[in-house]
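First the proteins, then the strands, lettered A, B, ... as listed; each starts at 1.
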There are 2 protein chains.
Amino acid sequence: MKEQPLLNYIKNYISLTEEEEEILLSKISYKKYLKGQYLVQQGDVCKHEYFILSGCTKTFYMDNEGQEHIILFAIEDWWTSDMGSFIAQKPADYNVQCIENTELIQISYEANEELYIQIPKLERFFRKIVERALVASQKRIVRNFSMSAKERYLIFRKNYPKIEQRIPQYMVASYLGITKEFLSKIKSQLILEQ
Amino acid sequence: MKEQPLLNYIKNYISLTEEEEEILLSKISYKKYLKGQYLVQQGDVCKHEYFILSGCTKTFYMDNEGQEHIILFAIEDWWTSDMGSFIAQKPADYNVQCIENTELIQISYEANEELYIQIPKLERFFRKIVERALVASQKRIVRNFSMSAKERYLIFRKNYPKIEQRIPQYMVASYLGITKEFLSKIKSQLILEQ
DNA sequence: AATAAATGTTAAACTAGTTTAACATCATTT
DNA sequence: AAATGATGTTAAACTAGTTTAACATTTATT
């Protein structure tokens, strides 16, 4: 029963009857992606939202100079997608790419709409998920404005210890909004300070 | 019928029966605040969410050096609050202050919870509102990373022409994440370029 | 084991944005 | 009309973070 983790996760927010669980399981699909594969590509319409079972993805924006800006990482038990594209079914602004082999559950736009009708309680579930994501996103804006790169790096390390060990440093730098060279400098400073 | 703008706004997302409209109106309250008054203060639990009828508010974080960092402005037909504090009923990270005399509708945490039970359709409404807010918040993160202060200022001017004329420049600077002196420099550069 | 590809480091020259400080303008109160 | 406080400007000195470029280390491939 590979979908179990999703049901467990949902149970933290709402309770589902057995019948509702069945409906839910009938509407989702389990998939495996390889490291490097894209779940969403900038310009395409994002057709699914994804719940990660194992592995890791990055969501990034590629600017006109060809520079990657990482908006978020997602690991086990996280949701990912290009929400702007998914909710409006318009071309995506961002890419979502697997940076490890990744197992996930995907829900299509149509299945998601049907689920909201058949299990209205899911509106509440997704509302809460999105509320939390918004709070985190606003916190990040404030941190970027009020803290130095070094402070942001220390917070990242504290908040996401599991992620840092799994991804290359240049991606951490991109997530922090600095160059890899500068992150390297910060790290050597931190070692000297100890 | 001062609550009408809220009903009209909600009708863009979901349809309500007359009975539901009455329940809704019975749970909300209409208020007037003066320029300078606070709707939420950092450290207090945020007890309401606010729908602005007229006027303008700013939501800001005050850092340890006493510097203000503006997270968002809200004008007519916008929602505002400290969402992290409101949803968890925990002390607020941010302040929300009126920068003009402001008329608004406020919904208390308890009323909001009761409304979700009595009118489950509102889950859908608020889910959609929060989804949009999250998309906007993520876009702002990307802009802060991938664009210069001048570019961000031009976009702000384009996106919020109505707001720029109503607020002092030093608040625009704070919203853009730069000093007022640097915004002044950008503006004089833009005049020379014309 | 050797090679190539990807990732990480160091340092010098540079630049976008900050800090400080003095002054200018505008709005509000007396 | 003068005075006060709030907002905006200018410029010089500074700094956090970037750019460029050369080299080092790790990981994956043959």
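Between A:K185 atom NZ and D:dT20 atom P there is a gap of 16 Å when expressed in whole angstrom units. One atom, CG of A:N101, and another, P of D:dA28, lie 12 Å apart when rounded to the nearest Å. In this structure, A:F182 atom CZ and C:dT15 atom P are separated by 18 Å, rounded to whole Å. In this structure, A:Q189 places its CD atom 13 Å from C1' of C:dT10, rounding to the nearest Å. Whole-Å rounding puts the B:I186 CD1 to D:dG8 C1' distance at 14 Å. Rounded to an integer number of Å, the gap from CE of A:M147 to P of D:dA16 is 15 Å. Between the P atom of C:dT18 and the CG atom of B:D63 lies a distance of 13 Å, rounded to the nearest Å. Atom-to-atom, CZ of A:F145 to P of D:dA16 comes out at 19 Å; the value is rounded to the nearest Å.
Both A:K180 and A:K150 sit near DNA chain D, but only A:K150 has its closest nucleotide nearer the 5' end.
Proximity of B:Y116 to B:N112: side-chain heavy atoms (C-beta onward) are separated by under 4.5 Å at one or more points.
Judged purely by atom type and a 3.5 angstrom limit, A:D82 uses its side chain to pair as donor or acceptor with the backbone of A:D93. Remark: the backbone N or O of B:I70 is not paired with any side-chain donor or acceptor of B:K58 at under 3.5 angstrom.
Residues of residues 151-179 of chain A that place a heavy atom closer than 4.0 Å to DNA chain D, in numerical order, are A:R152, A:G177, A:I178, A:T179.
Comparing D:dT18, C:dG17, C:dA21 by their nearest atom to the side chain of B:E181 picks out C:dA21. Counting only heavy atoms from C-beta on, B:S184 has its side chain closest to D:dT10 among D:dT19, C:dG17, D:dT10.
Between A:F86 and A:Y109, the distance from one ring center to the other falls under 6.0 angstrom. If you look at A:Y175 and A:F156, their ring centroids are closer than 6.0 Å. A ring-centre distance under 6.0 Å is not found for B:Y9 and B:W78.
Residue B:L104 forms a side-chain contact (heavy atoms from CB on, under 4.5 Å) with just one option from B:T80, B:L6, B:L39, and that option is B:L39.
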